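Bear in mind that the values here come from a model prediction, so they are computed numbers and not experimental data. First listed ligand is number 1; within each ligand, the first listed atom is number 1.
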Amino acid sequence: MLRAIYPGSFDPVTYGHLDIIRRSSILVDHLIVGVLNNNAKMPLFSVEERVKMLEDVTKTLSNVEIVPFDGLLVDFAKKMDAGVVIRGLRAITDFEYELQMSQTNHKLGPDVETIFLTTNIEYSYLSSTTVKEIAAFGGDITQFVPEVVKDELERKMKAKRRV
Ligand code: PNS
């Protein structure tokens, strides 16, 4: 039984992430989407909010589970009995960071392999950071994120403007 982890910040989940989740869920028996709980990264959404949005947009995928984690990814992989980490590669600019992370993880946990999926070309430009910036300036994010995420982002931005 192949168990894999797709880790990330998912602040918030975009159609690019969802594409990787869907394609990975076909390749493995069980996919754990690991949501990083690290306030040092100053996420816009709490880990609970990010988990809830992910649960919502993956509810039709029966072998996908959303689990928050903190600490080292390799420790989380061991705890979840997962031998594979999946990451998406959008462009060459992602490569250096991803290579370094995968090699570091391999040193820390030689039993954990990283597999890269190239992002669907339709989403190769997309990032959570860009989506948040567009939303902050009142731009339309319909084509970048699922409706539930759009609603949550707009609600969050309105609340921020009130502060
Ligand atoms: O969506 P992101 O922010 O690119 O995801 C990054 C993530 C969560 C995969 C990475 O920051 C991570 O694995 N953090 C856990 C800490 C860790 O294991 N660090 C050592 C590997 S570099």
Side-chain angles (χ1 to χ4, degrees), residues 2-25 27-28 30-58 61 64-136 141 143-146 148-150 152-153 156:
L2 183 55
R3 291 169 62 86
I5 292 182
Y6 176 43
S9 302
F10 305 106
D11 185 38
V13 57
T14 67
Y15 278 135
H17 296 127
L18 205 47
D19 174 58
I20 298 285
I21 293 173
R22 280 207 191 98
R23 287 160 56 206
S24 310
S25 73
L27 296 175
V28 305
H30 191 74
L31 181 71
I32 297 139
V33 178
V35 185
L36 184 69
N37 183 10
N38 179 1
N39 286 333
K41 278 202 172 187
M42 305 246 286
L44 177 65
F45 291 99
S46 69
V47 72
E48 293 81 11
E49 290 170 322
R50 285 177 279 145
V51 165
K52 195 167 170 298
M53 284 186 277
L54 274 157
E55 280 173 347
D56 206 308
V57 299
T58 60
L61 303 171
V64 173
E65 181 186 10
I66 317 297
V67 183
F69 80 100
D70 49 28
L72 289 176
L73 177 59
V74 289
D75 292 340
F76 177 58
K78 272 180 213 139
K79 189 174 138 204
M80 299 307 291
D81 195 23
V84 170
V85 166
I86 294 176
R87 291 284 288 172
L89 273 182
R90 285 170 301 189
I92 195 75
T93 41
D94 281 344
F95 183 74
E96 208 166 319
Y97 169 65
E98 293 297 336
L99 179 71
Q100 190 184 23
M101 196 159 68
S102 111
Q103 288 174 333
T104 308
N105 284 336
H106 206 252
K107 272 277 177 203
L108 295 172
D111 297 337
V112 181
E113 290 292 352
T114 304
I115 292 180
F116 295 105
L117 291 189
T118 50
T119 304
N120 190 319
I121 202 148
E122 204 183 329
Y123 306 119
S124 60
Y125 59 90
L126 193 53
S127 76
S128 300
T129 307
T130 315
V131 171
K132 281 183 283 192
E133 189 169 324
I134 297 168
I141 51 170
Q143 56 184 317
F144 308 130
V145 292
V148 58
V149 178
K150 177 178 181 271
E152 285 302 309
L153 246 177
K156 186 72 91 176

Would you find a donor on one side and an acceptor on the other, under 3.5 Å apart, between the side chain of [X] and the backbone of [Y]?
X: Arg90; Y: Tyr123; answer: no
X: Ser127; Y: Thr130; answer: yes
X: Arg50; Y: Pro68; answer: no
X: Asp11; Y: Leu44; answer: yes
X: Arg87; Y: Thr114; answer: no

| query | Should Thr104 be counted as touching ligand 1, given the test is an N or O pair under 3.5 Å? | reply | no
| query | Looking only at distance, does Arg87 have an N or O less than 3.5 Å from an N or O of ligand 1? | reply | yes
| Parallel under 30°, tilted from 30 to 60°, perpendicular over 60°: which one fits the rings of Phe10 and His17? | perpendicular
Please identify which atoms of ligand 1 are closer than 4.0 Å to at least one heavy atom of [X].
X: Gly8; result: 1 (O), 5 (O), 8 (C)
X: Lys41; result: 3 (O), 6 (C), 11 (O)
X: Gly71; result: 15 (C), 16 (C)
X: Leu73; result: 13 (O), 17 (C), 18 (O)

Closest approach of any protein heavy atom to [atom], naming residue and atom:
atom: atom 6 (C) of ligand 1; value: Tyr97 OH, 3.7 Å
atom: atom 19 (N) of ligand 1; value: Leu72 CD2, 3.9 Å
atom: atom 14 (N) of ligand 1; value: Leu36 CD1, 4.0 Å
atom: atom 22 (S) of ligand 1; value: Met101 CG, 3.5 Å
atom: atom 1 (O) of ligand 1; value: Ser9 N, 2.9 Å

| request: Give a yes/no verdict on whether any heavy atom in Gln100 is under 4.0 Å from an atom of ligand 1. | output: no
| request: Check whether any heavy atom of Phe76 sits under 4.0 Å from an atom of ligand 1. | output: no
| request: Could you tell me whether Asp19 and Arg23 have a side-chain N and a carboxylate O separated by less than 4.0 Å? | output: yes
| request: Salt-bridge test for Lys156 and Glu49: reply yes if a basic N is under 4.0 Å from a carboxylate O, no otherwise. | output: yes
| said: With a heavy-atom distance limit of 4.0 Å, tell me whether Asn105 approaches ligand 1 through its side chain, its backbone, both, or neither. | reply: side chain
| said: Please classify the Tyr6 to ligand 1 contact at 4.0 Å (heavy-atom distances, strictly less than): side chain, backbone, both or neither. | reply: neither
| request: Find the distance between OG1 (Thr93) and CD (Glu98) and round it off to the nearest 0.5 Å. | output: 10.5 Å
| To the nearest 0.5 Å, what is the distance between OG1 (Thr119) and OH (Tyr125)? | 11.5 Å
